[in-house]
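Here the structure comes first, spelled out in structure tokens, and everything after it is commentary.
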Amino acid sequence: MEISPREAEVLELVGAHLSNAEIAARLCISVRTVESHVSSLLRKLEVPDRRALARRAPTPGGAGPAPVLPTPLTSFVGRVSERAELTEMAKGHRQVTAVGPGGVGKTRLALAVAAEVSGEYADGVWFVDLVPVTDPGLIATAVAGALGLGEQPGRDMTESVLAALADRHALLVLDNCEHLADGVTLFLERLLATCPRVTVLATSRARLLVPFERVYPVPPLSLAVDGESDAVALFMDRAAAVGWPLDPPLRDQVAAICERLDGMALAIELAAARYPMLGFDGITTALSHPLRMLTGGSRADDRHRSVRAALDWSHALLEPADRALLRRVSVFVAPFTATAAAQVTGDEDEEGLVADGLARLAEQSLLTVTTSLGRTEYRALETIRQYGMERLSEAGELIDARSRHLRWCLAQAAGLAVVGHDWRARFDLVADDLRAALAWAASRPEQRVDAFELARCLAELTFTRHLTGESQRRYEQAAALATDPAASASMLRQAAAVAGCRTAGDDMYRLRLAAADAARASGATPAADLGTAATIAFRFSTTFVRRPSQQETLQLITEAREQAGDDPAAQAAVALAEAAVLTDAFGAVQGPPGNAVPETRERAEHAVELARRTGDPLAESAALDALTGAQSWAGDPFAAAATARRRIMLLSSLPISPAGTHELIDALGIVAEASLGAGDVQGARRWARQLADHPSLTEVGHRATCRLLMVAALAGDVDEMLTGSVRFLDAWQRAGSPARSILAPAAAGVAMIHGLRDDHDARRAWQEILGRLGTSPEHTYGYGAVFDAMLLLHHGQASEALERMAPEPRQRWKWITWIWHHWYVALRSETAVLAESRNARAIVVEARTVVAGNPVAAAIVERAGALLDGDQEALLATTDAFEAAGCRYQFARTLVLAGGVHAERGATALAALGFAPMRPAGRRR
């Protein structure tokens with residue numbers, strides 16, 4: 001089959017081992033569109049999974065993916081021997097550090113080597129500039145940004161990066177590590193231990209002291225005067241670039257200047273930029289002035305002295321206004337515009353003059369110029385920026401400039417509060433400056449108020465940017481900076497909600513208890529926070545590493561109850577905690593094996609009533625979640641589905657917030673499952689797709705698609721299953737293959753569909769995945785029994801299916817009552833009939849009563865009754881219900897069971913759906 005041009009692009013990026021989210025970002029299409037293309041490619045190329053698909057990706061000329069490296073604006077000159085030496089070292093060792101003073105040319109050499117060896121790495125070369133990173137905790141975030149990764153809920157960014165690179169053969173270039181040496185060392189130790197096929201090439205002013213590190217001292221440019229001098233070649237190349245080509249006879253004069261500059265690349269670049277204005281005499285005179293030399297004592301080696309000298313004389317030759325501009329814009333750690341520079345330098349009314357000054361600085365190679373999003377941006381090389389910061393301090397302007405930069409950052413953060421179509425790009429442009437300003441302000445007591453406000457804004461912005469790990473840290477930072485305990489409590493609650501979005505139950509619990517302490521310090525009651533912490537322990541028990549015991553949570557409830565007083569919010573929180581812990585409305589891992597159903601329902605309804613009185617939709621949604629569970633334990637799937645829909649109605653119009661997002665994601669998952677349990681397959685598919693498309697789950701396809709795979713399995717939708725399972729598996733593996741029981745029903749459903757297709761290899765692979773996710777009573781008696789029975793019946797093994805579903809539903813009520821009750825009862829009636837059980841008629845009669853109102857389960861039971869009675873007309877009548885519900889597999893299965901010409905139609909329909917032929921079993925008319 002022919003592959004379309006777009007599919008070819010997707011295939012190439014799959015071959016580069018990009019995730020669906022990375023491919024979507026690269027091609028500017030939706031993740032769902034990428035999934036569709038990947039599914040189509042799997043069919044067209046007849047391969048079983050994404051790994052096999054990656055092996056089919058074209059590799060023109062045998063090369064790997066194009067290196068993700070910045071493109072230098074000027075040519076690379078010389079360094080032939082250095083390039084060869086560093087290349088060989090990088091090929092032979094997994095961690096190489098190119099060391100040398102600022103300005104020696106470490107970055108340019110590393111880029112040249114990386115480009116040269118890129119073809120050796122099947123999964124590509126990635127460049128990470130660490131200059132803007134001021135917090136060692138954000139090193140992994142910078143690497144993830146270069147890789148195009150988002151966060152994986154339930155794990156920090158370092159773990160997400162390690163998972164993404166675990167099986168990749170790639171080269172990672174970490175540039176400018178010196179100011180983060182300790183953090184880089186810790187990161188590299190984990191990276192090198194976890195990712196055996198990743199090589200790291202770092203640049204730093206000092207070695208990193210990582211185990212097995214190989215150090216390459218980057219020498220100055222060669223100074224030979226016999227025509228082979230790299231230093232002379234660089235000067236002449238840069239002079240020609242600014243319109244002043246030099247004749248060969250002048251090489252001796254150039255060589256003399258380069259020797260004075262000790263062959264330092266940055267110094268030579270600056271001198272060449274000055275040549276049109278100063279000529280050789282002017283440059284020589286400037287370098288001879290004793291005041292231009294660094295007097296930094298024994299810590300400054302000779303090579304560094306020459307760079308400082310070059311910067312000194314270049315700075316001295318500037319006009320006073322340009323000197324002031326250079327030092328003041330050095331507070332920017334990321335590219336900036338003339339408008340931003342005017343605001344930070346205090347020249348808002350003179351933006352035109354500022355723009356002229358920036359242009360002059362760029363002409364002197366003191367700033368680089370780029371165009372982004374249709375605007376001109378400036379940036380100082382790190383060595384020059386640090387020099388400018390020193391000058392800023394010497395001039396006594398550091399605090400004023402930092403304060404103006406902080407105010408500018410606060411204004412930028414406020415301007416980003418409204419999310420538009422280009423919001424992400426605008427945030428990314430200023431994010432590093434926001435972080436740098438916060439790092440400075442947080443260390444100064446007099447800036448604490450502004451630091452708190454910027455931390456709060458950055459927490460909100462990073463949450464919107466789906467950097468949830470950083471968002472949680474920023475909320476916690478804001479809580480620590482708050483001068484009011486009430487504000488601290490508010491920030492801790494937000495941090496807890498973000499932790500919920502990250503499925504970090506331990507952090508949710510810890511932060512809510514911390515919020516209780518802050519509330520107590522403010523003079524407010526901590527009851528609501530204590531009650532919510534107790535609820536979290538049971539409601540989200542599967543997200544914990546260390547689950548709080550029932551005794552621990554009971555103590556929290558007792559304390560909350562004693563301090564609730566007449567506070568409506570506290571009373572509602574206590575009531576919900578009692579429903580969660582005392583009667584296990586959520587079916588927690590540490591909960592009791594059985595529920596007192598009437599009491600569970602009574603407590604949940606009481607919690608809903610109290611939450612409604614507070615007027616807080618989030619509190620009411622949480623209480624409705626408990627009621628959904630209570631209704632399911634009572635065997636009332638229709639009420640459970642209706643309650644789940646009420647949650648969606650409450651949450652759908654709320655503004656984006658951590659707590660609202662966490663609640664909505666949970667509600668979408670529950671309503672999809674509850675709808676499926678009530679037989680509303682179309683509704684379940686709709687909610688599951690909405691969940692799969694939620695932007696917060698873009699990077700965690702296993703969480704996003706697990707409900708959609710459950711729906712696809714029960715509906716017999718092979719296309720949806722193939723597409724979703726690719727995304728599920730890819731994301732699950734990238735996340736480190738977590739053993740999360742919530743994912744198990746999806747894996748079991750995929751395994752069943754492959755079994756229906758007679759794809760035994762794929763089924764075994766998914767059964768292995770299911771085993772790694774862990775088995776539970778729910779698997780044994782709930783979804784596992786349902787999916788096993790469907791597969792056994794398809795293969796004509798009715799007796800085995802009946803044995804699999806032998807337990808009466810009431811015997812295992814908690815494990816099949818949730819969404820599996822009607823499916824279990826209906827399929828059990830069909831297995832009894834096809835296995836010719838003596839109790840078949842009684843089982844069918846009882847099943848009719850149980851599943852009444854469920855269109856799919858009722859149709860399965862009626863089909864079983866028709867088979868028992870030999871009533872072909874009644875049997876065929878059930879096809880309408882299956883077709884209306886979107887259950888195409890059951891529709892085709894019914895035709896096959898009807899026999900004769902109908903069986904032929906059914907067999908054709910099954911083949912069209914991608915299923916293997918059914919095998920006869922038991923009764924057939």
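On a predicted model such as this, the values are computed, not experimentally measured, just so you know.
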message = Assess the residue pair Thr158 and Leu191 against the criterion (side-chain contact (heavy atoms from CB on, under 4.5 Å)); give the C-alpha distance rounded to whole Å, side-chain angles, the decisive distance to 0.1 Å, and a yes or no.
response = CA-CA 9 Å; Thr158 298; Leu191 177 74; over 6 Å; no
Assess whether a salt bridge exists between [X] and [Y], defined as any Lys/Arg side-chain N lying under 4.0 Å from an Asp/Glu carboxylate O.
X: Asp506; Y: Arg547; value: no
X: Asp625; Y: Arg539; value: yes
X: Arg435; Y: Asp432; value: yes

side-chain contact (heavy atoms from CB on, under 4.5 Å) against [X], all qualifying residues, sequence neighbours excluded:
X: Ala163; answer: Arg155
X: Ala495; answer: Gln472, Tyr475, Glu476, Leu511
X: Arg465; answer: Trp423, Arg424, Phe427, Asp428, Leu467
X: His466; answer: Pro695, Ser696

ask   = Should the ring pair His794 and Tyr889 be called parallel, tilted or perpendicular, given that the plane angle runs from 0 to 90° and is split at 30 and 60?
value = tilted
query = Angle class for the Trp766/Phe728 ring planes (parallel below 30°, perpendicular above 60°, tilted otherwise)?
reply = tilted
request  = Let me see the working for Val128 and Val173 under side-chain contact (heavy atoms from CB on, under 4.5 Å), right down to the final yes or no.
outcome  = CA-CA 6 Å; Val128 184; Val173 182; over 6 Å; no
Evaluate the side-chain proximity of [Y] to [X]: yes if any heavy-atom separation is below 4.5 Å, no if none is.
X: Leu697; Y: Leu691; value: yes
X: Glu460; Y: Leu416; value: no
X: Phe540; Y: Asp666; value: yes
X: Leu172; Y: Thr199; value: no
X: Trp732; Y: Ile769; value: yes
X: Leu192; Y: Val198; value: no
X: His702; Y: Leu729; value: no
X: Leu162; Y: Cys195; value: yes

query = What pairs with Phe787 under ring-ring contact (aromatic ring centres under 6.0 Å, His included), at least two apart in sequence or on another chain?
reply = Trp820
query = Just by distance, with hydrogens left out, do Ser621 and Arg647 show a side-chain donor and acceptor under 3.5 Å apart?
reply = yes
inquiry  = Checking side-chain polar atoms at under 3.5 Å, does Gln767 have a donor or acceptor matched by the opposite partner on Arg764?
reply    = no
task = Kindly indicate, with the supporting measurements, whether the criterion side-chain contact (heavy atoms from CB on, under 4.5 Å) is fulfilled by Leu722 and Val38.
result = CA-CA 9 Å; Leu722 289 175; Val38 170; over 6 Å; no
Where is the tightest heavy-atom contact between [X] and [Y], given as atom of each residue plus distance?
X: Ala459; Y: Ser471; value: O-OG, 2.8 Å
X: Val711; Y: Ala688; value: CG2-CB, 4.4 Å
X: Ile536; Y: Gly505; value: CG2-O, 4.4 Å
X: Ala166; Y: Pro196; value: O-CD, 3.7 Å
X: Ala641; Y: Ala678; value: CB-CB, 4.1 Å
X: Ala692; Y: Arg727; value: O-NH1, 3.0 Å

Is the backbone N or O of [Y] less than 3.5 Å from a side-chain atom of [X], with the two atoms forming a donor-acceptor pair by type?
X: Arg763; Y: Gly755; answer: no
X: Thr462; Y: Leu458; answer: yes
X: Arg757; Y: Gly914; answer: yes
X: Thr141; Y: Gly137; answer: no
X: Thr661; Y: Pro658; answer: no
X: Arg168; Y: Asp123; answer: no
X: Ser632; Y: Ala640; answer: no
X: Trp687; Y: Ser675; answer: no
X: Arg686; Y: Val681; answer: no

key: side-chain contact (heavy atoms from CB on, under 4.5 Å) partner of His754, the single match among Leu756, Asp758, Val750   = Val750
Interatomic distance, [X] atom [atom1] to [Y] atom [atom2] [nearest 0.5 angstrom]:
X: Cys501; Y: Phe463; atom1: SG; atom2: CZ; value: 4.0 Å
X: Leu676; Y: Arg685; atom1: CG; atom2: CZ; value: 9.5 Å
X: Met721; Y: Leu708; atom1: CE; atom2: CG; value: 11.5 Å
X: Gln682; Y: Asp680; atom1: CD; atom2: CG; value: 8.0 Å
X: His662; Y: Thr468; atom1: NE2; atom2: OG1; value: 11.5 Å
X: Asp788; Y: Met752; atom1: CG; atom2: CE; value: 9.5 Å

key: Pairs flagged by side chain to side chain donor-acceptor pair (under 3.5 Å) wherever residues 706-718 is involved - sequence neighbours left out   = Glu673-Arg707, Asp717-Arg888
query = How far apart are the C-alpha atoms of Phe544 and Val589, what are their side-chain angles, what is the distance that settles it, and do they pass the side-chain contact (heavy atoms from CB on, under 4.5 Å) test?
reply = CA-CA 10 Å; Phe544 278 76; Val589 174; over 6 Å; no
